[in-house]
Structures are given as C-alpha cells and as structure tokens.
Amino acid sequence: MAKFRIITLGCKVNQSESESVAQGLIDKGWEVSNGDDSVDVWVVNTCAVTAKAAMQSRGEVRRAVRSGGRVVVTGCYAQTDPGEIERIDGVERILGTADKDKQIELISSALHDGQERVIHRDIREETCFPLTPLAVSGGKTRAFLKIQDGCDSFCTYCIVPYARGRSRSMPVFEVLKRISALQKRGYREIVLAGVHLGRYGMDFDPPVSFVELLQRIKQRCDSVLIRLSSLEPNEINDDMIALVSSSDGFCRHFHIPLQSGDDGVLKNMGRPYTSGLFVSQVQKIHERIPDAAIGADVLVGFPGESDSRFQNTCSLIESLPLTYLHVFPFSPRKGTPAEKMSGKISEPVINQRCKMLRKIGSEKKRTFYNRYIGKETNALIIGSSGSSHKPSKGLTSNYIPLKIFGNTETNTIAKVRIESVDPGLTVFARPVETPTRKTEIGI
C-alpha cells in the first residue's frame, strides 16, 4: 500500500484542496504516512501570493526531497514559476493549477518511471469549476469547502489571477449536497472558502448572488455552523449582514481586506473601493452585530506609500472597531504592473511599518478579547485534552480561540465562561455547569 504526506502552504482554499487530494488518494487505497521515513510520495501544495510564500514553498520542496520518496509539487507557485521548481533536483512531477479534476491520477502515476515531469497549461483556459473529491478524512470538527476559484480583478500587485485563472463557481446544488454530506459525517462547522468568494455565482447564466446561496444554505442546512472566509468591502451588502445577524447558523465573523487606508494607494493598487466604503461596511456590521469579529488584511509598503499615506492607514484602523489584522509586506510579483512602478519603499521602512501595524492589531485583539472576560458563550470544542488538568481547544462563533479547563468532548458545542486573557493573548475559559433539575434525578 503506497503511503503519502501532504505539505500545505497558503490560504484556506489550498487547505481545502489538500484535504480533497488526501481523500482522493485514500479512496484509491493509499495510506497517510505519519512519519518522514515511510513516505512513498510527498505532495507539496505551494503558495505564490508573496515572495516570502514562494521562498517558503521552495524550502518545503527541498525538505521533502531530503526526506526521501518521490516529490510532486502543485499549487499556485507550480503554476506561476514551474521553471524555478524544475531547477530543484529530486522533484518527480510539477502540476499546475489547471485540471484539478485529474490531479489524483497525476499524483498516483508519479510512482511510475518515464512519466512527463511538468504538466502545465494556461489556467485561463479553465472555464468550469472542477469537482474534486469531498474531503471527509481526519476526524476534524471543521471542514473547509471550496465553492469558488479564480479571480477577475487583476489588482496591480496580485499574482493570483495568473495562478488561479478566471472566477468559477461550484453549482448551487453541489454546494448544498456537499454541506449536507459533511453534516452527516459529523462536522459541526463548515468554512466556505474561495479565492474571490464574493464573486460566487457571477459566472452562471443567469447569475446567482452569494447572498442567494447563503439563503438556500439557511433553508436546507440548519444544523451546522457556516463560517464565511474573506469578502471584499464592495461585495458585502445589507442583506448579507441581516442574514448573519438573524441566524445562529452563520458565524458572527467577517474578514474584509482593506490593503490600505489611503485612497491614492488604493487607486494605484487597482482596488475597486474607497477607504470610505470600507469604513461604512465595518460600522454597519458593528452596529447590526456588536459581537461580530471583524478582521482585515493590510498590504504595507506599496510603491508610492509615503509616510503621510501610511499614517492615513494607521489612523483609519485605529478609529474602527476591528478585531484583528493580517499584515503583509509588499513584495513585487513578476509580471504584475506593480513590479515596474516607481516610488519603491525600502525594506527597513516596510519592516518598521509592519511592526507598527502589528502592534495596533494586537491592541485591537486584546480590547476585543477583554470585552468577554466573565461572560458566557458557546464554543465548538475542536480538540479535547481528555484531562481536567490540560486545556482543551475551543473556538467561538466570533473567532475567539479558547483554552478550556474542565470536562469537554471533542466536536460538541459547549457553553463556557471566559475567565482571563494572558499577556500573549491566550484566552482561558471553563465550561458552565448546567444545573440538573430535581425531576431528572428522581427527587
């Protein structure tokens, strides 16, 4: 029986795709290896969104080669820079992001000699959403379900459209079918993932909006938590906010890319919104759902980001009820317009600005977490320690990760009381004991 291991870099979409590959190989009779010394095939699912991600991808490929076994490299970096991977000795096969539905066979055949090494074509030729195996392995409590792929935006700094192709969506009936299947297999939370999630259904004829899909999910799949991954500011609307506000089935959590709080920088980035729209959306969510976690992405050091423009970003973030930040340093990606833009920012300045924003982000997170000290909330138990002396892991609807001391059971929803937040932003909680009624104990 062939054994495999998968190394995944990058986003939730990559996570979902790796789980699908794993399930497909298991269905073919392969076995997941838990040790480096017994791997027949390594699959490295790469990321190319930043120069650092590309470097990390190369490092993981080399690590897999050193560990022994045959190495297959896939993912975004395999699509955008297959030549760089070809230069790494020991790589058996390189698979671009096209033909996802054929990926299991292509990985399986890596065990045989004499096969084509690089399988790569223009991802823009892809017009349909590839239906890959539903990932149900691993006994996890949360599942990532990729329902959309690709992006049509072509922001000036972004390599993703070149790596993922045009926007393509999973049919509505298939989304509902897969959510239902994941429910039946015991998953308690499903994360809807996509490269450009808010564009879901715009490639259909006639188009179907993302909100329409969410309404269908609410009607058909009401016993599982649905978490939304990243949504652009201009793709969140009042109906979506109202739906999340009125239903316990949707996690009270929004992640909204900002990238910059300066309109001039946003324009140069090719972002289709203003800082004012971002502010308006965050305020609407906060007013309608006060306990919602609201996260944001920020891209630091874009060409032309002067000190005053960076300060506009800091001031905007400080003024808003945001919960956390994902801060990324700008790195030029080959072939994008931003690669040749003037006004480059030096690396030391970028690093210092990232440090400043991460500090603001930590303060925002601490403020949000501290609001819940002494309060009761429901949490999904995503890992029980099996001991009252060791904490279990939990996650709230509004994205607070917990360490829970007390008796809990994995894959259940437990009512807990948040007790403290330590200097490292670890949040501690305990289960709330439910009083037993006298009639239940025969008194």
Handout entry: Rounded distance (nearest 0.5 Å) linking atom CG of Asp248 with atom NZ of Lys218
Key = 9.5 Å

Practice task
Just grab all the side chain to side chain donor-acceptor pair (under 3.5 Å) pairs involving residues 261-270, residues at least two apart or on different chains.
Solution key: Asp262-Arg309, Asp262-Asn312, Asp263-Ser275

Handout entry: Short N-O contact, Asp203 and Arg168, less than 4.0 angstrom
Key = no

Problem - Validation row: Phe310, Ile345 side chains within 4.5 angstrom (heavy atoms) - result: no

Handout entry: Salt-bridge criterion met for Glu232 and Arg271 (N-O under 4.0 Å)
Key = yes

Handout entry: Any donor-acceptor N or O pair under 3.5 Å, side chains Thr74, Gln103
Key = yes

Practice task
State plainly whether the residues Arg63 and Glu60 are in salt-bridge range, i.e. N to O under 4.0 Å.
Solution key: yes

Practice task
Enter the distance from Leu425:CG to Phe368:CZ here, rounded to the nearest 0.5 Å.
Solution key: 12.5 Å

Problem - Greater than 12 external heavy atoms within 6.0 Å of Lys52's NZ - result: no

Problem - Flag for Asp27-Gln23: side-chain donor and acceptor within less than 3.5 Å - result: yes

Handout entry: Flag side-chain contact, heavy atom, 4.5 Å: Tyr157 against Thr50
Key = no

Handout entry: Polar side chain donor-acceptor pair, Thr132 to Glu17, under 3.5 angstrom
Key = no

Practice task
Please confirm whether the backbone N or O of Cys155 pairs with a side-chain atom of Ser153, one donor and one acceptor, at under 3.5 Å?
Solution key: no

Handout entry: Aromatic ring pairing His326/Tyr324, orientation class (parallel under 30°, perpendicular over 60°, tilted between)
Key = tilted

Completion exercise
Residues at least two apart in sequence or cross-chain that pass side chain to side chain contact (heavy atoms under 4.5 Å, CB included) with Ser16, listed by chain then number, are Phe144, Lys146

Problem - Pair Glu126 + Lys100: basic N to acidic O under 4.0 Å - result: no

Exercise for the section: Return yes if some donor-acceptor pair links the side-chain N/O of Thr80 with the main-chain N/O of Cys76 below 3.5 Å, else return no. Expected result: yes

Practice task
Spell out, as yes or no, whether a donor-acceptor pair under 3.5 Å connects the side chain of Arg366 to the backbone of Val421.
Solution key: no

Handout entry: Option among Val172, Val175, Ile179 that satisfies the side-chain contact (heavy atoms from CB on, under 4.5 Å) test with Ile147
Key = Val175

Handout entry: Between Tyr399 and Arg227, a side-chain donor and acceptor under 3.5 Å
Key = no

Fill in the blank from the handout: Interatomic distance, CG@Asn45 vs CD@Glu19, rounded to 0.5 Å, equals 11.0 Å

Practice task
Could you tell me whether the side chain of Tyr162 and the main chain of Phe154 form a donor-acceptor pair under 3.5 Å?
Solution key: no

Problem - Atom pair OG1/CD of Thr141 and Glu189 - distance to nearest 0.5 Å - result: 7.5 Å

Handout entry: Backbone of Leu316 reached by a side-chain donor or acceptor of Ser319 within 3.5 Å
Key = yes

Handout entry: Carboxylate-amine/guanidinium proximity below 4.0 Å for Glu212 and Arg216
Key = no

Practice task
Using modelled atom types only, decide if a donor and an acceptor are shared between the side chain of Ser57 and the backbone of Thr46 within a distance under 3.5 Å.
Solution key: no

Practice task
Quick one: which residue pairs count as a side chain to side chain donor-acceptor pair (under 3.5 Å) with a foot in residues 368-378, not counting sequence neighbours?
Solution key: Tyr372-Asn398, Glu376-Arg417

Handout entry: Under 3.5 Å: donor-acceptor pair, side chain of Gln148, backbone of His196
Key = yes

Exercise for the section: Using a cut-off of 6.0 Å, state whether more than 12 heavy atoms not belonging to Lys344 lie near its atom NZ. Expected result: yes

Exercise for the section: Verify, without hydrogens or angle tests, whether Ser169 (side chain) and Gly201 (backbone) share a donor-acceptor contact under 3.5 angstrom. Expected result: yes

Problem - Any donor-acceptor N/O pair, Lys364 side chain to Glu318 backbone, under 3.5 Å - result: yes

Exercise for the section: Verify, without hydrogens or angle tests, whether Tyr200 (side chain) and Met170 (backbone) share a donor-acceptor contact under 3.5 angstrom. Expected result: yes

Practice task
Supply the atom-to-atom distance Ile285 CD1 to Ile241 CD1, rounded to the nearest 0.5 angstrom.
Solution key: 4.5 Å

